[in-house]
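So that the names make sense, note that chain A is the first sequence line, chain B the second, and so on, each numbered from 1. This structure is a prediction, so every number in the text was calculated from the model and none was measured. The figures here come from the full heavy-atom set of this structure, side chains too, leaving out hydrogens, waters and symmetry mates.
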Amino acid sequence: MTSLQSISSPLIATFSLQDYDLDATLTSGQAFRWRRQDQGWTGVVGRRWVHLRAAVGVLTAEVAEPVPDWQWLRHYLQVDLDLPRVLRTFPDDEPMRRAVTACRGLRLLRQQPWECLASFILSSTKQIVQIQQIITLLCDRYGEPVAVPAGQQPARAFPSPARLGAAREAELRSCKMGFRARYLLETARRVAAGECDLASLGNLPVEGARSELLRLPGVGRKIADCVLLFAYGFQPAFPVDVWVMKALQQLYFPGRRVKLPRLHRFAAEHFAPNAGYAQQYLFHYMRTRPRPGRAALPKPPPQPGETADL
DNA sequence: GCCCAGGTGAAGC
DNA sequence: GCTTCACATGGG
């Protein structure tokens with residue numbers, strides 16, 4: 001938590017920290033480019049290849065080229081965040097206690113807005129594995145190469161809005177993204193043209209930033225909230241996807257069907273002031289907990305007059 | 001074959 | 001104002 005930093009080489013830094021579950025964080029569906037390698041994780045942050053390795057109380061980072069300082073990575077990983085302080089603000093109820101017990105150490109990253117926005121435009125009705133596959137293809141085809149240490153696999157940066165905006169829709173479709181190609185292409189063009197200034201959204205109130213994002217094609221409430229949360233850290237953002245929907249329904253409104261606007265109102269008040277963080281705990285908890293019945297349990301016939309859902 | 005996946009936009013009531 | 005449907009693609 002104090003995260004002192006001792007640099008033993010210009011290419012390696014160690015951060016001392018507590019309550020940081022790197023595996024959970026990098027597999028929790030917020031970032032899609034990290035790969036397990038040598039008991040650690042390899043990825044690209046901005047234009048830098050990075051390898052991360054976690055041990056008890058220490059996180060070690062290695063890069064390919066000397067960096068003047070490590071603030072960019074501290075920021076990305078949010079190593080200076082006091083997580084226990086955030087967890088103490090969670091509502092003291094049974095669902096959150098279970099989620100925190102199961103996922104303690106799960107963190108929110110602070111990603112680059114464009115990569116985050118583009119990634120989540122590609123995420124709709126896709127499983128996390130497939131999102132990773134699409135983004136891998138996209139980076140392989142359009143990303144600029146970045147320096148890697150000797151003996152490592154080549155790596156590329158996430159492609160810029162200008163580069164993707166200049167692509168043909170059919171080319172993008174061949175990256176397996178299907179109908180999302182049109183959305184990605186048009187959004188890339190608008191961002192490249194400066195019609196949406198991602199760099200300034202962080203200075204707006206959350207509602208203003210959200211309505212700017214909602215103007216973009218392929219961006220609805222859920223994807224907007226993902227970007228608000230994962231790229232800008234807006235805590236009132238509370239992305240509701242199918243998993244979080246299930247969590248809220250099962251854990252807070254059992255036996256009743258509650259509509260989305262009401263769930264958003266409930267979430268905003270019930271989970272404040274760190275609703276976004278709470279959402280990530282619920283999401284990861286739902287996805288990783290052992291599921292009863294494993295393979296698609298057959299749905300019991302609905303009771304007359306009741307929506308016996310889930 | 002089926003149903004589902006970190007949804008959105010448009011058409012139909 | 002709802003609710004329903006099409007949209008690509010792959011995993012289980």
Checklist outcome for this item: Under a 4.0 Å heavy-atom cutoff, the residues of residues 223-234 of chain A touching DNA chain B are A:I223, A:F230
Next on the checklist: For the CD atom of A:Q280 and the CG atom of A:L109, what is their distance to the nearest 0.5 Å?
Outcome noted: 8.5 Å
Next on the checklist: Rounded to whole Å, please give me the gap between CZ in A:F120 and C1' in B:dT8.
Outcome noted: 15 Å
Checklist entry - Is A:G220 touching bases, backbone alone, or none of the nucleic acid, heavy atoms closer than 4.0 Å? => result sugar-phosphate
Checklist entry - At under 4.0 Å between heavy atoms, what does A:T125 touch on the DNA or RNA strands: base, sugar-phosphate, or nothing? => result base
Item to check | Nucleotide of C:dA8, B:dT8, B:dG6 approaching A:K126 most closely (side-chain heavy atoms) | outcome: C:dA8
Checklist entry - Which part of the nucleic acid, if any, lies within reach of A:S28 when heavy atoms closer than 4.0 Å are counted: base, sugar-phosphate only, or nothing? => result base
Checklist entry - Roughly how far apart, to the nearest Å, are B:dA10 and C:dA8 at atom P? => result 14 Å
Checklist entry - Whole-Å distance between B:dA5 C1' and A:M245 CE? => result 14 Å
Next on the checklist: Can you confirm whether more than 12 heavy atoms, excluding those of A:R53, are under 6.0 Å from its CZ atom?
Outcome noted: yes
Checklist entry - How would you label the contact of A:V129 with the nucleic acid (heavy atoms, under 4.0 Å): base, sugar-phosphate, or nothing? => result nothing
Item to check | B:dG6 to C:dG12 separation - P atoms, rounded to the nearest Å | outcome: 11 Å
Checklist outcome for this item: Of the listed C:dA8, B:dG6, B:dA5, the closest approach to the A:V242 side chain comes from B:dA5
Checklist entry - Between A:F283 and A:V219, which is nearer to the 5' end of DNA chain B once each is assigned its nearest nucleotide? => result A:F283
Item to check | Residues in salt bridge (Lys or Arg N to Asp or Glu O under 4.0 Å) contact with A:R36, at least two apart in sequence or another chain | outcome: A:D23
Checklist entry - What's the OH-P distance between A:Y183 and B:dG7, to the nearest Å? => result 13 Å
Item to check | Nucleic acid contacts - residues 272-281 of chain A versus DNA chain B, non-hydrogen atoms under 4.0 Å | outcome: A:Q279, A:Q280
Checklist entry - Looking for any heavy atom pair under 4.0 Å, which part of the strands does A:L216 touch: base, sugar-phosphate only, or nothing? => result sugar-phosphate
Checklist entry - Is there ring stacking between A:W243 and B:dG6, where the centres must be under 5.5 angstrom apart and the planes under 30 degrees? => result no
Item to check | Aromatic plane relationship, A:F234 with A:Y232 - under 30° parallel, 30 to 60° tilted, over 60° perpendicular | outcome: tilted
Checklist entry - Just how far, in rounded Å, is C1' of C:dC7 from CG of A:L184? => result 16 Å
Checklist entry - Which whole-number value in Å describes the distance from A:Y285 OH to B:dG6 C1'? => result 19 Å
Item to check | Smallest separation among heavy atoms of A:R210 and A:A237, with atom names | outcome: NH2-CA, 4.1 Å
Next on the checklist: For A:Q153 and A:Q37, which I'm curious about, is there any donor-acceptor pair between the side chains at under 3.5 Å?
Outcome noted: no
Next on the checklist: Do A:R289 and A:Y285 form a cation-pi contact, if we require the NZ or CZ to be under 6.0 Å from the six-membered ring centre and within 45 degrees of the ring's axis?
Outcome noted: yes
Item to check | Closest-nucleotide ordering on DNA chain C, the 5'-leading residue of A:P261 and A:K176 | outcome: A:P261
Next on the checklist: In terms of relative ring orientation, are A:Y76 and A:W34 parallel, tilted or perpendicular, with 30° and 60° separating the classes?
Outcome noted: tilted
Next on the checklist: Quick check on B:dA5: is either OP1 or OP2 less than 4.0 Å from any side-chain nitrogen or oxygen of A:K222?
Outcome noted: no
Checklist entry - Of A:P217 and A:P239, whose nearest nucleotide on DNA chain B comes first from the 5' end? => result A:P239
Checklist entry - How long is the line joining CZ of A:R221 and C1' of B:dG7, in whole Å? => result 14 Å
Next on the checklist: Can you measure A:L172 atom CG to C:dA8 atom P for me and round it to whole angstrom units?
Outcome noted: 14 Å
Next on the checklist: Between C:dT4 and B:dC4, how far apart are the two P atoms, rounded to whole Å?
Outcome noted: 15 Å
Item to check | Closest-nucleotide 5' rank along DNA chain C - winner of A:Q127 and A:R173 | outcome: A:R173
Checklist entry - What integer distance in Å separates A:F179:CZ from C:dG10:P? => result 13 Å
Checklist entry - Angle class for the A:F271/A:Y252 ring planes (parallel below 30°, perpendicular above 60°, tilted otherwise)? => result perpendicular
Checklist entry - Picking from C:dT9, C:dA8, B:dG6, which would you name as closest to the side chain of A:Q130? => result C:dT9
Checklist entry - Which nucleotide sits closest to the side chain of A:Q133: C:dG10, B:dG9, C:dA8? => result C:dG10
Item to check | Same apolar cluster: A:W114 and A:L214, side chain cutoff 4.5 Å | outcome: no
Next on the checklist: Is the distance from the ring center of A:F32 to that of A:F120 below 6.0 Å?
Outcome noted: yes
